[in-house]
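Here the structure is laid out as structure tokens; the discussion comes afterwards.
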Number of protein chains: 2
Amino acid sequence: MDDAAIRQVRRFNRTVTERVGALSGRYLGRQRPLGEARLLWEIGPEGAEIRELRARLLLDSGQLSRMLRSLEAEAVVRLETARADARVRRVRLTRKGTAERAELDRRSNRLARGFLDPLSERQRERLLGAMAEVEGLLNASLVEIGPCDPASRDARACLAQYFAELDARFENGFDPAKTTTADAAELKPPAGVMLLARLRGRAVGCGALKRHPGRVAEIKRMWVAHGARGLGVGRRLIQALEAEARALGATRVRLDTNRVLTEAIELYRRSGYREIAPYNDQPYAHFWFEKRLSASRSGSRARGPSA
Amino acid sequence: MDDAAIRQVRRFNRTVTERVGALSGRYLGRQRPLGEARLLWEIGPEGAEIRELRARLLLDSGQLSRMLRSLEAEAVVRLETARADARVRRVRLTRKGTAERAELDRRSNRLARGFLDPLSERQRERLLGAMAEVEGLLNASLVEIGPCDPASRDARACLAQYFAELDARFENGFDPAKTTTADAAELKPPAGVMLLARLRGRAVGCGALKRHPGRVAEIKRMWVAHGARGLGVGRRLIQALEAEARALGATRVRLDTNRVLTEAIELYRRSGYREIAPYNDQPYAHFWFEKRLSASRSGSRARGPSA
DNA sequence: GCCGATCTCTGACTAACATCAGAGAAATGG
DNA sequence: CCATTTCTCTGATGTTAGTCAGAGATCGGC
């Protein structure tokens, strides 16, 4: 990666913080500290549980609690305990709070308009296009990949979506019971490993590795959420799985797949996988792939930003 | 401007502040509050006058003073009074300060790298391209156009650069004395007006309007700095001048120009100006243009972001 | 029904940032 | 030379943000 690239990123950061930052701090404020404004915004018209807010805004529980009481004292929010669980509390906007949030919204819109107003029609189109591109790619670089417990909530949610998608796309549906097992125990060290890709805390993809006798590892459960496709998540999951395979001492990685999963097949080919003869008799498998791992550690930093 | 555009800008803002903002606040800190780090950075290897720092960082004089003393106590900067004027003081980095600034620089680079690392080669190229585009267009939308006193420092500086450019580009050079007068008095209300385009406070272009008898106004001194070309500054200056012309009661705007100023000629044509017969005998003029102003107020908001 | 985990508060602090008024030294312009 | 302006510093004071430890209520699983 050359210096020019890094300089470009830094220049971009400076320009953008000047424009966007000046914004969030100063303008949006209407007699209200930035933190409270963000909070008000994040609560939304539906209300929210405060533990959820804490996670989303990364706030200390004490701090959040105090902010909420201050908002409550001004009658912009109302606190109530959740029906289902008396430990958790919900916040709702009062009529006054809703009005104030709408005002924040208006200001935010006016500000966004300020980006576009001075530009010509053509420039506007170019700006919007480039913004979408930057946004998408920043999201891509925000995706973090790391190991997870296959029994965890997020992991099970991913697997459920994965199976649902297979069921929808396969000609005759998909029944997990008919496939060779890869249950929680098999995807946990030392038998294997399961990785989750997260974007802002939300799980957006998964992939697992199952150890086989004889320095062979098998990739299972590769899945990327629709909203996160095109961000290179699949490629990074594979690279991370290969790194795990190396760590487990494997020299070859195998996988099987179904012919309707064309994007996946394309991804495997691009990642250096070659078609081999069937190594199992999975009912849903049409293609079998293998890749010999080189000794190099390339791809081992694919887990996330090294910063 | 449609809602989708505004939503795109707002989404972009959110994504970018999350990524860029998290950055500046947390990571860059090395035991040092953000404000001090920015200050350290801004001082630069050459040192700086503190009144200049105050202006650049928009800091309260008391606050800046305290920050400097704190840095001085840690021996990262040294304060000295300026030679020329004993009221103003200069700051310099000590050896330790220089080292610390270099460290900040390294961190900043590492951070920028964190944007790029997780991406594939192709994605990186796309991100850098889109960043450059966004940066350029945000700069474009940061340009503000407003009236100025033609005798002011900035105005004179622009005119000097304008004349220097004409002198360099015209076949036989350019001598302001040979041209019809358009001195300060003529470009000031009520005889006329002069507009300056500013980007972050720096003057990057100018344009003036001179009133003539009979509802005619003449555009003079149109100039855009090299570094600011391609941002649409010329177009906006013209629109703003036309708005001024309307305000002065003119229904037609005229101008003359030299054949070597091809970008300007192109700009005039695009802005709706049509070639007319010579209306003066300027020695440097090869083309004469005119535009009839419609009654509409279109372009009147071209002065700057309406936010 | 009990244990450990979860969730929300409160209290007690600290750090960072910001604002305002005014004092003292030095330059500038008549 | 004097009044005014410019520039820096100090003191007093306030607001916003962020941290930590622990109390009290409630839930879920055994």
For DNA chain C, note the earliest and the latest nucleotide, 5' to 3', having some atom under 4.0 Å of a heavy atom belonging to chain A.
C/dA5 to C/dA12
Rounded to whole Å, CG of B/L34 lies from C1' of D/dT16 at a distance of 15 Å
Please list, chain by chain and in numerical order, all residues satisfying salt bridge (Lys or Arg N to Asp or Glu O under 4.0 Å) with A/D60, sequence neighbours excluded.
none
Write down the distance between CG (A/L39) and P (D/dG18), rounded to a whole number of angstrom.
12 Å
Residue-level proximity of residues 62-70 of chain A to DNA chain C when a heavy atom falls under 4.0 Å
A/G62, A/S65, A/R66, A/R69
Non-neighbouring partners of A/R83 that pass side-chain hydrogen bond (donor to acceptor under 3.5 Å, both in side chains), sequence neighbours left out
none
Which value, rounded to the nearest 0.5 Å, describes the distance between A/L116 atom CG and A/L111 atom CG?
11.0 Å
Report the distance from atom CD of A/E244 to atom CG of A/L209, rounding to the nearest 0.5 Å.
7.5 Å
Quick one: salt bridge (charged side-chain N to carboxylate O under 4.0 Å, His left out) pairs with a partner in residues 61-75 of chain A, sequence neighbours left out?
A/R32-A/E74
Apply side-chain hydrogen bond (donor to acceptor under 3.5 Å, both in side chains) to A/D167 and list each qualifying residue two or more places apart in sequence or on a separate chain.
none
Name all residues meeting the side-chain hydrogen bond (donor to acceptor under 3.5 Å, both in side chains) criterion together with A/T94; count only those two or more places apart in sequence or in a different chain, and write none if there are none.
none
So B/L159 and B/M194, do their side chains get closer than 4.5 Å, heavy atoms only?
yes
List in numerical order all residues of residues 74-90 of chain A for which some heavy atom is under 4.0 Å away from an atom belonging to DNA chain C.
A/R87, A/V88, A/R89
List for me each residue that meets salt bridge (Lys or Arg N to Asp or Glu O under 4.0 Å) alongside B/R56, sequence neighbours excluded, and say none if there are none.
B/E42, B/E52
Listed by chain and number, what are the salt bridge (Lys or Arg N to Asp or Glu O under 4.0 Å) partners of B/R92, not counting sequence neighbours?
B/E80
From CA spacing to verdict: salt bridge (charged side-chain N to carboxylate O under 4.0 Å, His left out), A/K96, A/E100:
CA-CA 6 Å; A/K96 188 177 164 196; A/E100 189 158 340; 5.9 Å; no
When rounded to the nearest 0.5 angstrom, what is the spacing between CG in B/L34 and CH2 in B/W41?
13.5 Å
Whole-Å distance, A/E49 CD to D/dC27 P, equals 13 Å
Return the set of residues passing salt bridge (Lys or Arg N to Asp or Glu O under 4.0 Å) with B/R90 (not counting sequence neighbours), or none when no residue passes.
none
With five pairs defining each end axis, the helix from C/dG1-D/dC30 to C/dG30-D/dC1 comes out bent, to 10°, by 30°
